[in-house]
Amino acid sequence: ADIRIGMAEALTGPAAKYGVAIKNGFTLAAEGINAKGGINGNKIVLVIEDEQGKKEEAINVFKKLIFQDKVLMIFGPTLSNSAFAADPIANATKTVVFGTSNTADGITGMGPFTFRNSVMEADVLPVTTRAAVKHFGIKKVAVLYGNDDAFTKSGYDVFKSALADQKITVTDTETYAKGDVDFKAQLTKIKASNPDAIVCSCLAEEAANIILQTRSLGMKQPFIGGNGFNSPKLFEIAKDAADNTLMGSPWSAENIAPANKQFIADYKAKFNADPDQFAAQAYDAMHIVTEALKQVKLSGNPEKDRLALRDALPAVKHDGATGKFAFRRAAPKDGKEAGYDAQQDAIVNIAKGGKFVLLK
Amino acid sequence: MFEQQLINALTLGSVYALFALGFTLVFGVLGVINLSHGAIFMLGSYIALLLVSQFQLSLWLAMAVAMLACGALGVIVDFLVLRPLRRRNAPHLSPMIATIGVAIMITNIAQGLFGAENKRFPFGTIPEDSISIGNLHLTAVQLAIVLISFILMIVLLLVMRRTQLGRALRAIAESPKAAYLLGINVEGLFLLTSFAAAALGAAAGVLVGLSFNAISPFMGQPMLHKGIAVIILGGMGDIRGAMIGGLFLGVAEVMSVAYLSSDFRDAVAFGLLFLILLVRPSGMFGKILERKA
Amino acid sequence: MSALLHIENLSVNYGHIQAVKNISLELQNSEITALVGANGAGKSTSLLAISGLIKAASGTIRMAGEDISTLSPHQIVQKGVVQVAEGRAILTTLTVQENLDLGAYTRKDKIQIHRDLDYIFTLFPVLKNRATGLAGNLSGGEQQMLAIGRALMAKPKVLLLDEPSMGLAPLMVQEIFRVLKEINQSGLTILLVEQNVRQALKIAQRGYVLENGEIVLQDSGQNLLHNPRVIAAYLGA
Amino acid sequence: MLEWWEGFWSIYSTVIFGVGINAMLALSIYLTLSCGLLSLANAAFMGIGAYAASMISMQTGLSFPVALLASACAPAVVALVIGIPTLRLSGVYLAMATLGFGEVVRVIVLNLEITGGPMGINGIPTKTEWWHIAVILGLTIFVLARLRRSKIGRAFEAIKEDEIAARLMGVNVAGYKLLAFVIGAVIAGLAGGLNAHYTFTIGPGNYAFENAVDILTMAVFGGTSNLLGPLIGSTTLTLLPEVMRSMKDFRLAANGLILILVILYLPKGIWDPARLRGLRSRFTKTSSAKGS
Amino acid sequence: MLELQAISKRFGGLHVLQDVSFTMPAGSIYGLIGPNGAGKTTIVNLITGLLRPSSGHLRFNGKDLSMVEPHKITQLGIARTFQNIRIFKEMTLLENVVVGMHDDLNYNVASLLLNLRSFREAELQAKTRAHELLSWVRLDHKAHMLADNLSYGEQRKLEFARALATQPQLLLLDEPVAGMNPSEKTELMTEINNIRNRGFSIFMIEHDMRFVMELCDRIAVLNFGKIIAEGTPDQVRSNPDVIEAYLGKEEAA
Ligand SMILES: Nc1ncnc2c1ncn2[C@@H]1O[C@H](COP(=O)(O)OP(=O)(O)OP(=O)(O)O)[C@@H](O)[C@H]1O
Ligand SMILES: Nc1ncnc2c1ncn2[C@@H]1O[C@H](COP(=O)(O)OP(=O)(O)OP(=O)(O)O)[C@@H](O)[C@H]1O
Ligand SMILES: [Mg+2]
Ligand SMILES: [Mg+2]
């Protein structure tokens, strides 16, 4: 029988650039798995819905997937904000919800059916800053982040405490808002504070623009970024202006592990574009679920199967495009049972000649 | 730092002004807040991008074609959507809502055609280096935007103030019926206005796309918010107002970052707008007819 | 003499209300024709239909032999049929000067336009004093003068006037009628809708009486002035 | 049958809740529009109501009715304070000032600790039942319908048509405008409070420009000449995306097209009594030869 | 009842009114005439609170009006019509008139919401009276039409009825017969006389001399913002200054 898996991602609206990459990652993985005979002979069928990056839509889509399409589990939603609205529905109906792009704090606190393989910033950023201090000999930095977005804001929070822990002086902290394209005012102020480097919790496209504008103001400082920087977009837009940018992430296009090389090659062949981290994490997530499902005997009764999947998932260990992966039980919140976060090592990369290479 | 911030303010303000010129033109003449202006702005950017990157057209030619194409789209929208509404004596909010529909359609089709992610013009389309005088920096596109928006404003202003065409447009703005009685080809001028406004929007789109490397189907939306603020701040449909309003907003935003906190950039800008409206209820250049009865 | 403007079997509806029913009017070249009738008789409606601002349900309007009933309003103005509409249609947010300039919108003869402007200013000196002020700030009567002045700036062949004396002081009313007579003598054809029936019929060569959308009487101005039915209904005993 | 209903309800209950909430929002803007005020503050008021109610539910032990009360009162107080200076503005200037106010509210909420910054407030307990929405919506409709038939409704309409003439008819224009503004804020705030208690989470982005415009669109789309219009408009526009879900990629473009077509063919909104009256009279005219 | 004391009004550099003083006795019909742009409408705007005088005082029944808001002035018993008609176009004739009764409809929120008898009776009464007022101006057959569909002259009449609905002691008419033909004027003249006989006082601006002279008890003449004559119609009519500035030989004759 087919295994129906729901996918609720933002396929239209401003978050679509992530949602579409994620969808590509899933379809690529599912096709690959099906081509190899599926899971114990069963084919994966993706039930794809667009949640537009809006919370009400996410709730509606989750309900439709769970009650009408009777999917086994749901991947998504794209944004953490939507996850806060929709994941409680999955937990209440005892359906596994698996986020591949939700990095905000507290996502897995929503219940024991919540899983994610998106690595929390708290695991990655401290590693990156430490590497930066060592590599560039940094003493003081300025910080720039998007303050109206859950992802960039929580990245900032982590940076802030990491910088404090590592006793790095912050010369100036600046923010911008979604949709801003001109960062010169903030950068001029940063310039006046004369930092050794600029720490930036931003998404790739904003980051690229910020880097270009920094250079056009005659500033030479290197950038330190998080997950958000990990995209080919950065170089499509900024090219080698981005050189010397440090970025930590579990996935790197430079990672020469066979699983990753395979992924990148397949992705390019199918979509005629370079994959990014969002696609990679989605790709891996599908494989992680596959591993779990291999251990499960599906009964055809959705309620039973959902429970079985949820019991099988935590034990999965996977070595995929993003490297070695395991689940880690999240700390229970307010006495409520929690779900599972990703346990993965971050790789620190440095930009050289228009691409990220591993920092030695 | 202050001097650099002033330059930042001027360039940002010019971007707003450039966007607002076409926007305010439609508003001034047709009396419609055309919420599809942001989408047309975006489309202009994409058309030029496509021509430059796929057909290797020169930038200026691409820009001209983008302006023509968007102008034509503006005319089509006017012909198919706004004109029937005028004919039917629709209440004044209906055209605005209809333009929301237009914006949704254009944005979605653009996303379908071009994808959701940001694009940029190919490297080398324009000189990337910035012009530096001492410690002050300005890129060539930014300089171009400042100059172009000033020149366009002055041209438009002269047309509106000094020519019979401008007077006719203002007559239409106040009362199409009166304009008809004066022998003005009202429908023709509506189409002309829609064309000009959309072409201006496209030009703004190309320049903004060039200077910020962030061409996306959604780039029009934030600009639209600012554009609305600018035209209201300047006074309904006033060309000078669009310019001054744009510069004012630019200065307010940049200076609030420079001397307050970037957290409150938008709040300061919109808060100021709020206060200015309380002091001058029809914007900075809005005419007030004192006569009551 | 021949009819310059020829209106035949004109009907106008508002929804299912028939405001003008099958009327026929002829404006002879260089004559003043008066159209009188009670409130709501359909006078303004007829004028708006001639100018093309309301679509007629049926009927033809010919200007110098040419059918203008299918033209759009601005084309009708270009043919020389200009109207001073009810409620004045002053552009309140433009200056007095700009209003007058726009009056000459369809003209190209710069020098003559300038001369005509001077003529308007001698007719209505207030307008000259207030030329740079907003038209909306003018008093009611001043606006009426502006409306008439602006229409004259178009150098019309046929002038349609909807209650030009409304709101004007007695001296000014006399002045307006004097001016109308004067420009008529210089060859302008005028259709005059007036509540000041006596004055209107005095200067009109011919007159029509409109009641409930229908023409009930037509005669020379002098005859109508002495027609008992007109006296009873419109001149007050 | 019962089973079918249960299945239907479990999928679509949120959509149906959404219909009710949007109906309240459309009514709230209808009220100010009926008084000639183009106020776009309703999204912000909804947000204030939502935050007030959620904070009470999350941080105090107080009951749901208290939270709802707060969601009505907090926006009312704010409306009172900002209404006095702003309502002097007219037309689009008022629209802009109220949008500006909304923006200020959004940025403040974004930067405060207690409101959770950009993350908003998460894990709000679900307390809203269908009948809460039904009762409050019903009450709103009832009150607005009664107001319409009274001197207050007439005063609103007179103000909309001609403020100066209304003043000289003895109508306290400033007072009535403020009244409309405040009642509108109360309705929007209640909608916010109810909405927060079934969507688990609220954030500063939920009450911004787009939402304000959406609310306006629902009202204008349905028609603003009486109460039924906003109800029809909000219901159609809430259900439309669900109905169109199968169109996938072109769903939004189709939404846009439908919006345009409806406005084009029904410029005064779907529910336009004058047009309906016209249709009816044409009908009766053709069916009975007497007429006129 | 109405007293203007040394009223001046400036718009920017334009002195529209200078030291205008006159007193209008209760129960009378008082006329204000003068050339176009003399400042007549401005005076009405001052009385109704739409404009504030630059200097001087306005009193109504002894009460100073200078700081009173327009709607309170209406409540004090002053109503007006407008030179440029301002009716509520999208409302029916009946509703237009009932708006004028706004202040007299005394019911509380509870009776409104619960549709109590006090509410229903007040509304019914208002509508009945509105019909009556419409019949005074012969528009009752159109009571349920939208006001926008009226012709110009009909709109004037509606405005008149609406003003009466506020139950004013003083009615200010700004060119009430503009756009009416002589027989309609005669009709309205009878109407106005009737109204005066019911105890209203009337202040009117009008350019129709037959109308003014026949109706008014006293007339003031305004020229360039100054009163140049005041007195009975006959006195005014024969005043050479008035003939020179306003009437012209023909009307005086
Ligand atoms: N827009 C409209 N919709 C419906 N009916 C209208 C409209 N305009 C005018 N009418 C009706 O048409 C008839 C003729 O109106 P019109 O304005 O032509 O009269 P008029 O002769 O100019 O009167 P007046 O002397 O009062 O200006 C009137 O009964 C009026 O009620
Ligand atoms: N708000 C204003 N700004 C500038 N000038 C004004 C304003 N209001 C009125 N005026 C001018 O003041 C003068 C008096 O105007 P007002 O309307 O009182 O005249 P009026 O006596 O009623 O004239 P009419 O008989 O023509 O109606 C006019 O010259 C007018 O242009
Ligand atoms: Mg008329
Ligand atoms: Mg006047």
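Proteins get letters first, then strands, A, B, ... in listed order; numbering begins at 1 in each.
Residues of residues 210-217 of chain B lying within less than 4.5 angstrom of chain A, judged on heavy atoms, are B/Phe212, B/Asn213, B/Ala214 in numerical order. Within residues 200-209 of chain A, the residues having any heavy atom under 4.5 Å from a heavy atom of chain B are, by residue number, A/Glu205, A/Asn209.
Checking A/Ser249 against A/Asn230 by side-chain atom types alone, a donor-acceptor pair falls below 3.5 Å.
Qualifying salt bridge (Lys or Arg N to Asp or Glu O under 4.0 Å) partners for A/Glu31, counting only residues two or more places apart in sequence or in other chains: A/Lys270. Residues satisfying the salt bridge (Lys or Arg N to Asp or Glu O under 4.0 Å) test with A/Asp196, not counting sequence neighbours, are A/Lys140.
Interface remark: A/Leu11 contributes backbone atoms only to the contact with chain B (heavy atom separation under 4.5 Å). Using a 4.5 Å cut-off between heavy atoms, A/Lys233 touches chain B through its side chain atoms alone. For a residue to count as touching a neighbouring chain, one of its non-hydrogen atoms must lie under 4.5 Å from one of that chain's; by this rule B/Asp266 touches chain A with the side chain only. Within the 4.5 angstrom heavy-atom criterion, no atom of B/Ser132 approaches chain A. Proximity to chain B involves both the backbone and the side chain of A/Ala16, based on heavy atoms less than 4.5 angstrom apart. The part of B/Phe123 that comes within reach of chain A is its side chain, from C-beta onward, which places non-hydrogen atoms under 4.5 angstrom from that chain. Contacts of B/Glu3 with chain A are absent, with no heavy-atom separation under 4.5 Å from either backbone or side chain.
A/Val199 places none of its side-chain heavy atoms less than 4.5 Å from the side chain of A/Leu144.
Each of A/Thr173, A/Asp172, A/Thr171 was evaluated against A/Ser193; a single residue qualifies, A/Thr171, per the side chain to side chain donor-acceptor pair (under 3.5 Å) test.
Aromatic pair A/Tyr176/A/Tyr145: ring centres not closer than 6.0 Å.
Ranked by heavy-atom pairs shorter than 4.5 Å toward chain A, the options B/Thr139, B/Val208, B/Val254, B/Asn118 are led by B/Asn118.
The closest donor-acceptor contact from the side chain of A/Arg215 to the backbone of A/Ala241 lies under 3.5 Å.
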